[in-house]
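Worksheet: one structure, shown below.
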Amino acid sequence: MRRVSSLPPDAVIGSAVVIGVDGSGRTHRLGQIAAAAAGRGVIRVNPPTGDVAQLDADLAAAGERLVLVDNAHRLTEDQAARLVAAARRGVTLVIARRPTIPTRTHAELDEAVGGHVEQLRPLDETGVARMLSARTGRAVSPDHVADVWARSGGLPAIVAALAEAPADGPNPSLVARIHRRLAMLPPPVAALAKLLALRLDLPDAVLAAAARLDPSELGPAIRELTDQGMILLGAETIIPAVADALVADLPAAERRRVHESVASALVAGRGDPPAPAAHRRGA
């Protein structure tokens with residue numbers, strides 16, 4: 001039976017699966033593993049890559065070397081199948097991926113890798129304090145640590161961005177990070193992120209309608225935003241710092257359109273008057 005736990009940063013391990021949402025430190029963790037296994041030799045696979053011939057050559061020549069696969073959820077099914085075959089013939093693989101497994105072939109890869117499973121979890125306040133101190137080069141107050149922990153949900157990438165945020169607004173790198181993710185999402189899922197960022201108190205049916213999602217698609221859309229590192233783990237609430245950055249960069253006209261979509265969904269769903277509905281906010 002595979003164990004789900006954390007290993008010391010310098011531990012040299014065999015086959016393993018590292019699981020975490022975007023921004024949780026998957027690539028950093030693979031870097032630690034690569035450093036620990038330097039004497040053994042490491043081959044890196046970083047999808048998306050279209051060079052299947054190179055992948056075949058690397059796997060054929062792997063020998064005792066450790067093959068590290070970052071962003072394994074982005075492998076094509078053909079690439080994943082090649083890695084499954086390599087794992088089954090004894091190549092030692094460490095794969096890092098998002099929590100959601102996209103296809104049956106990716107699930108087979110998880111099973112073929114076997115070994116240790118490491119779940120990357122949000123930082124606690126001690127971890128946040130350590131990261132803030134490392135980033136700023138100075139001690140941080142408990143109140144500041146508690147504030148950053150609450151605003152970031154403990155996600156390392158967000159903590160790092162908040163450590164470097166200017167006093168007059170969100171960190172530009174955090175805003176850019178969010179926009180990159182929105183651009184890669186299907187339009188209804190991106191619309192859902194904007195709705196959640198406004199922190200309106202809305203039932204699921206209204207959220208789905210306002211985002212132009214079928215009600216059955218709301219759960220998968222929330223899961224996608226969670227995998228993207230935009231939703232608090234274990235909740236359906238957007239990470240506060242992500243919401244603040246998204247809203248701060250949302251043009252007034254687009255914000256009005258989002259509110260209008262909510263008003264229309266509320267009117268259609270339960271007959272609320274349009275004007276109050278358009279300005280409805282949660283506590």
Side-chain angles (χ1 to χ4, degrees), residues 4-6 9 18-32 70-71 73 96-100 118-185 189-190 192-201 221-250 281-283:
V4 180
S5 62
S6 295
V18 178
I19 303 170
V21 301
D22 290 359
S24 62
R26 294 189 308 258
T27 300
H28 176 71
R29 183 67 184 106
L30 287 185
Q32 292 177 325
D70 203 356
N71 294 317
H73 52 276
R97 63 167 176 82
R98 290 174 176 171
T100 302
E118 182 172 355
Q119 180 77 53
L120 300 178
R121 304 196 181 279
L123 300 172
D124 57 16
E125 290 194 33
T126 300
V128 169
R130 188 179 299 116
M131 176 172 280
L132 290 175
S133 294
R135 289 273 173 170
T136 62
R138 61 180 183 273
V140 289
S141 71
D143 286 347
H144 183 53
V145 170
D147 176 64
V148 170
W149 179 79
R151 290 168 61 204
S152 67
L155 197 65
I158 308 299
V159 174
L162 293 178
E164 300 162 1
D168 59 347
N171 186 326
S173 67
L174 178 57
V175 173
R177 172 190 176 86
I178 293 165
H179 280 291
R180 285 194 299 271
R181 276 156 174 70
L182 292 180
M184 293 186 290
L185 292 170
V189 181
L192 177 62
K194 294 171 185 177
L195 283 166
L196 294 173
L198 293 176
R199 287 175 271 201
L200 306 174
D201 184 16
I222 292 286
R223 188 179 305 117
E224 172 67 16
L225 292 175
T226 302
D227 281 353
Q228 292 269 355
M230 300 178 73
I231 299 288
L232 291 167
L233 292 179
E236 294 187 355
T237 305
I238 196 164
I239 293 173
V242 171
D244 292 342
L246 203 163
V247 170
D249 202 56
L250 200 63
R281 288 182 178 272

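Note that the structure is predicted; figures quoted are calculated from it, not measured.
Surrounding NE2 of His179 are more than 12 heavy atoms belonging to other residues, nucleotides or ligands, all under 6.0 Å away.
Partner of Met230 under the side-chain contact (heavy atoms from CB on, under 4.5 Å) criterion, out of Ile158, Leu196, Leu182, Ile222: Leu182 alone.
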* **side-chain contact (heavy atoms from CB on, under 4.5 Å) evaluation trace for Thr100 with His73** => CA-CA 8 Å; Thr100 302; His73 52 276; over 6 Å; no
* **From CA spacing to verdict: side-chain contact (heavy atoms from CB on, under 4.5 Å), Glu118, Ile19** => CA-CA 6 Å; Glu118 182 172 355; Ile19 303 170; over 6 Å; no
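Shown here are the side-chain contact (heavy atoms from CB on, under 4.5 Å) partners of Pro122, two or more places apart in sequence or in another chain: Leu233. Residues satisfying the side-chain contact (heavy atoms from CB on, under 4.5 Å) test with Thr237, not counting sequence neighbours, are Leu232, Ala235. Under the salt bridge (Lys or Arg N to Asp or Glu O under 4.0 Å) criterion, Asp124 pairs with no residue, sequence neighbours left out. Taking Asp244 as the reference, Arg199 meet the salt bridge (Lys or Arg N to Asp or Glu O under 4.0 Å) condition, with sequence neighbours excluded.
Taking all atoms of both residues into account, the shortest heavy-atom contact from Ile178 to Ala245 is CD1-CB, 3.6 Å. In this structure, Ile238 and Ala243 approach most closely via the heavy-atom pair CG2-CB, 3.5 Å. Contact record, Ile239 with Gly229: CD1-O, 3.5 Å, taken as the closest heavy-atom pair.
Pairs engaging residues 170-185 under the salt bridge (charged side-chain N to carboxylate O under 4.0 Å, His left out) rule: Asp22-Arg181 [sequence neighbours left out].
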In a table with atom names and distances, give each donor-acceptor pair under 3.5 Å that connects a side chain of residues 132-141 to protein atoms at least two apart or in another chain.
unit_1	atom_1	unit_2	atom_2	d
Ser133	OG	Ala129	O	3.1
Ser133	OG	Arg138	O	3.4
Arg135	NH1	Glu164	OE2	2.8
Thr136	OG1	Leu132	O	2.8
Thr136	OG1	Arg138	N	3.4
Thr136	OG1	Arg138	O	3.4
Ser141	OG	His144	N	3.1

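Side chain of Trp149 to backbone of Gly127: no donor-acceptor contact under 3.5 angstrom is found.
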